[in-house]
A.B. asks: 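Just passing along the structure, written as structure tokens.
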2 protein chains.
Amino acid sequence: MKRPTLEVVAARAGVSKSSVSRVVNGESTVAPEIRDVVMRAVRELGYVPNAAARNLVTRRTDAVAVVVSDPPQGVVSDDPLFATVVRAVSRELEAAGKQVVLMLAESDRSRARVEQYVAGGHVDGVMLIALHGTDPLPAALARTGLPTVSFNRTNAPEVPYVGLDNASGAALAVRHLLERGRRRIAVITGPLELYESRERLDGYRATLRDTGRRSIVALGDFTRVSGAEAMRQLLDDDPALDAVFASNDLMAIGALRTLREAGRRVPEDVAVVGFDDIEAAAYTTPALTSVRSPMADQARATVRLLLGLIEGGPREPVIMPNELVVREST
Amino acid sequence: MKRPTLEVVAARAGVSKSSVSRVVNGESTVAPEIRDVVMRAVRELGYVPNAAARNLVTRRTDAVAVVVSDPPQGVVSDDPLFATVVRAVSRELEAAGKQVVLMLAESDRSRARVEQYVAGGHVDGVMLIALHGTDPLPAALARTGLPTVSFNRTNAPEVPYVGLDNASGAALAVRHLLERGRRRIAVITGPLELYESRERLDGYRATLRDTGRRSIVALGDFTRVSGAEAMRQLLDDDPALDAVFASNDLMAIGALRTLREAGRRVPEDVAVVGFDDIEAAAYTTPALTSVRSPMADQARATVRLLLGLIEGGPREPVIMPNELVVREST
DNA sequence: CTGAAAGCGCTTACAG
DNA sequence: CTGAAAGCGCTTACAG
């Protein structure tokens with residue numbers, strides 16, 4: 001069952017291919033009677049335009065590449081950011097009539113594949129979701145000249161992005177802990193090649209410094225297991241600590257487990273604040289206080305930035321606000 | 001900076017377009033010296049074939065649609081299944097040289113869009129991830145005649161799938177609870193339009209029936225909040241229950257919260273078993289016993305089924321085994 | 001407002 | 001093994 005072409009629609013309707021094309025593309029310069037007869041033929045034949053032929057001549061693809069760039073050591077496969085952001089991005093892109101081509105960039109090979117594909121003109125633009133701080137992809141994509149934006153800031157300053165005010169988010173968390181009377185406040189950082197990890201650490205440091213307190217730092221990588229390990233190390237190094245700020249909720253969840261295993265009560269002995277306010281934060285024991293980052297909104301704003309760019313709009317970065325959600329862990 | 005075409009490569013190399021085409025497509029019937037000169041020209045010019053032109057003549061697309069069909073009432077945006085399965089599917093498809101076109105089917109409009117797109121011959125095949133039991137999409141896709149497979153069984157028997165042995169998974173959970181000496185074992189079901197929800201319920205029922213016990217059933221919809229509510233209801237209806245089998249881990253997490261709020265100790269007063277063994281299961285308080293479903297493996301198997309189908313292979317459904325992972329909650 | 005014709009950049013029989 | 005030519009299914013000036 002071969003698909004009908006413009007030509008057979010034209011024959012059926014008794015008009016030229018040009019007219020059918022105009023009707024199908026909704027041009028206004030078509031006589032009503034022609035439109036009607038063409039519409040009928042289209043319906044009867046079940047005509048769907050051949051995208052390849054159309055793209056070949058128009059040079060538009062109506063597709064956008066969504067590339068998720070993972071760190072070499074891999075990520076948590078169930079990372080809530082992936083689901084939330086990819087879903088929100090797809091929904092918004094589809095609403096704008098764009099096809100979503102999802103690409104994972106995890107290895108040098110797959111990175112090369114992404115570059116090829118993008119340089120090959122298969123898409124109108126690129127939305128980057130970089131879970132990784134040191135990769136050459138953002139700069140490489142920017143070099144292709146194709147409209148490219150990033151969810152969160154990358155290591156390539158020329159790529160416009162929608163980010164968070166991470167430092168003030170962290171400050172929110174630390175000030176809250178101080179107000180609760182906590183005196184020895186530790187931090188568990190994200191991977192430090194990531195811009196948002198560094199900003200969250202800076203916000204923590206600056207806030208403590210302002211009150212004359214010292215920082216207590218353990219390194220994590222945004223996974224639950226790294227949060228659990230960092231917490232263990234913090235407890236060893238400074239058994240008297242009475243609060244911890246984890247740079248994301250997944251690590252806070254890991255820290256909570258370590259604290260429970262160590263017999264520390266939360267929040268009585270140690271208060272815990274996370275970052276992101278993922279859905280799971282409301283279901284931990286005790287429920288987690290967290291700095292909310294509006295991931296879905298941020299994702300939508302990133303799409304709008306990209307669509308604007310494709311239309312020749314401005315490339316101004318956008319910063320989303322965040323707020324503290326207080327629950328039982330502090 | 002216009003991209004170079006076959007024609008300019010041919011001119012540069014001093015050969016015909018046909019020869020360039022053959023070299024680029026790796027045909028073996030090309031003299032080595034021609035191959036070399038063409039390769040050089042390709043490299044120097046940075047030639048990348050125009051996919052639209054190629055598709056137009058070959059009628060292959062080297063793309064696969066991954067359609068995620070959500071229920072009308074929406075889903076948990078951070079559903080770990082989405083991240084795990086979409087990631088695994090993409091990775092596997094990319095390894096096979098297929099482009100991944102991600103499509104969300106959430107409304108009638110987006111469903112129509114998916115059908116159009118698929119019928120429009122933009123892809124070589126379709127991988128369906130249906131989080132929803134009553135939708136017309138599986139049957140509609142099957143009707144297009146395009147190779148279509150589903151992650152988990154759908155309501156359209158003609159769509160081949162890779163599923164789980166849900167009934168025996170549930171039986172594993174219930175037998176384990178019986179062995180632990182539990183006598184009043186409740187179940188929290190998933191949405192009953194979903195095949196796997198019904199199978200898990202059946203497995204629970206059959207196992208209890210075999211030991212002469214009665215079922216205690218509460219309805220959920222696979223979200224945390226529905227698990228929390230179902231647990232509240234179960235506690236009201238049967239305060240003496242001493243175990244609950246939740247049909248997925250998200251609902252088990254919700255149930256855990258309700259039990260804590262109600263002052264029931266887990267597992268001393270009430271034992272809890274989940275299903276799926278998502279990463280979060282190891283981080284609940286107490287850590288959750290769960291029936292592991294090998295989501296990533298299942299995703300990969302589904303991709304292989306699809307690739308086979310595209311090559312004209314068999315359409316036999318595949319059933320993956322599952323096993324019980326015992327932790328602290330039982 | 002409508003139609004005939006050229007052209008987008010490839011691949012693929014076909015002849016040589 | 002190589003090249004000239006036709007053709008894939010559209011859109012888009014251009015003339016009328």
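Lettering of chains follows the sequences in order, A, B, ..., and the numbering in each one begins at 1.
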A.B. asks: Quick one: do B:Glu115 and B:Arg143 make a salt bridge, cutoff under 4.0 Å?
C.D. replies: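 B:Arg143 and B:Glu115: not salt-bridged.
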A.B. asks: Without decimals, in angstroms, what is the distance between B:Leu6 CG and D:dA5 C1'?
C.D. replies: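 In whole Å, D:dA5 C1' and B:Leu6 CG are 15 Å from each other.
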A.B. asks: Check every atom of C:dG9, D:dT2, D:dT11 against the side chain of B:Ile34 and return the nucleotide holding the closest atom.
C.D. replies: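 In terms of side-chain proximity for B:Ile34, the closest of C:dG9, D:dT2, D:dT11 is D:dT2.
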A.B. asks: When the distance from CG of B:Asn50 to C1' of D:dG9 is rounded to whole Å, what number comes out?
C.D. replies: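 Atom CG in B:Asn50 sits about 14 Å away from atom C1' in D:dG9.
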A.B. asks: Do B:Val101 and B:His122 have side chains that get closer than 4.5 Å, going by heavy atoms?
C.D. replies: no
A.B. asks: Taking only the side-chain nitrogens and oxygens of A:Asn25, find out if one of them lies under 4.0 Å from OP1 or OP2 of D:dT11.
C.D. replies: yes
A.B. asks: Between C:dT2 atom P and A:Asp36 atom CG, what is the distance in whole Å?
C.D. replies: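 Interatomic distance, CG of A:Asp36 to P of C:dT2: 12 Å.
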A.B. asks: Measure from the side-chain heavy atoms of B:Ala53 and tell me the nearest of C:dC10, C:dA13, D:dG9.
C.D. replies: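 Between C:dC10, C:dA13, D:dG9, the one nearest the side chain of B:Ala53 would be C:dC10.
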A.B. asks: From CD of B:Glu27 over to P of D:dT2, roughly how many Å is that when rounded to an integer?
C.D. replies: 11 Å
A.B. asks: If I take atom OH in residue A:Tyr47 and atom P in nucleotide D:dT11, what distance separates them, rounded to the nearest angstrom?
C.D. replies: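 It works out to 6 Å between those atoms.
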A.B. asks: Any luck finding a side-chain donor-acceptor pair between A:Ser18 and A:Ser21 under 3.5 Å?
C.D. replies: no
A.B. asks: From the list C:dT2, D:dT2, C:dC10, which nucleotide is the closest neighbour of the side chain of A:Ala31?
C.D. replies: C:dT2
A.B. asks: Want to settle it: does A:Glu7 or B:Val30 sit nearer the 5' end of DNA chain D, counting the closest nucleotide to each?
C.D. replies: B:Val30
A.B. asks: Any non-hydrogen side-chain atom of B:Phe222 less than 4.5 Å from a side-chain atom of B:Leu131?
C.D. replies: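 Contact flag for B:Phe222/B:Leu131 side chains = no.
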A.B. asks: Using whole Å, report how far CZ of B:Arg60 lies from P of C:dT11.
C.D. replies: 9 Å
A.B. asks: Looking at every strand, decide which applies to B:Thr58 at a 4.0 Å heavy-atom threshold: base, sugar-phosphate, or nothing.
C.D. replies: sugar-phosphate
A.B. asks: Report the nucleotide, chosen from C:dG9, D:dC1, D:dT11, that has the shortest atom-to-atom distance to any side-chain atom of A:Ser21.
C.D. replies: D:dT11
A.B. asks: Using side-chain heavy atoms (C-beta onward) and a distance below 4.5 Å, is A:Leu141 in contact with A:Leu146?
C.D. replies: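 No, every pair of side-chain atoms sits at 4.5 Å or beyond.
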A.B. asks: Using a strict cut-off of less than 4.0 Å between a Lys/Arg side-chain nitrogen and an Asp/Glu carboxylate oxygen, indicate whether B:Arg87 and A:Asp79 qualify as a salt bridge.
C.D. replies: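 Here B:Arg87 does not pair with A:Asp79 in a salt bridge, since their nearest N and O are not under 4.0 Å apart.
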A.B. asks: Which of the following nucleotides, C:dT11, D:dC8, C:dG3, is nearest to the side chain of B:Arg59?
C.D. replies: D:dC8
A.B. asks: Which helical stems does DNA chain C take part in, if a stem means at least 3 consecutive Watson-Crick or G-U pairs with both distances below 3.5 Å?
C.D. replies: C:1-3 with D:14-16, C:5-12 with D:5-12, C:14-16 with D:1-3
A.B. asks: Using every non-hydrogen atom in the two residues, find where B:Val159 and B:Pro138 come nearest and quote the distance to one decimal.
C.D. replies: CG2-O, 3.7 Å
A.B. asks: So, does A:Ser16 get its side chain near the phosphate of C:dG3, meaning an N or O under 4.0 Å from OP1 or OP2?
C.D. replies: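 Indeed, a polar side-chain atom of A:Ser16 lies that close.
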A.B. asks: With respect to the side chain of A:Val57, which nucleotide from C:dG7, D:dG7, C:dC1 is positioned closest?
C.D. replies: C:dG7
A.B. asks: Expressed in angstrom and rounded to an integer, what is the separation of B:Asp62 atom CG from C:dT11 atom P?
C.D. replies: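 Between P of C:dT11 and CG of B:Asp62: 12 Å.
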A.B. asks: So, for A:Asn55 and A:Arg60, which heavy atoms are closest and what is the spacing to 0.1 Å?
C.D. replies: OD1-O, 3.0 Å
A.B. asks: If you only use heavy atoms from C-beta on, which nucleotide in C:dC1, D:dA4, D:dT11 is closest to the side chain of B:Ser18?
C.D. replies: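 Closest nucleotide among those given: D:dA4.
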A.B. asks: Using the closest heavy atom to pick a nucleotide of DNA chain C for each, name whichever of B:Ala52 or A:Gly14 lands nearer the 5' end.
C.D. replies: A:Gly14
A.B. asks: Given atom NZ of B:Lys17 and atom C1' of D:dA6, what is their separation to the nearest angstrom?
C.D. replies: 10 Å
A.B. asks: Can you figure out which of D:dC10, C:dC8, D:dC1 approaches the side chain of A:Leu56 most closely?
C.D. replies: C:dC8
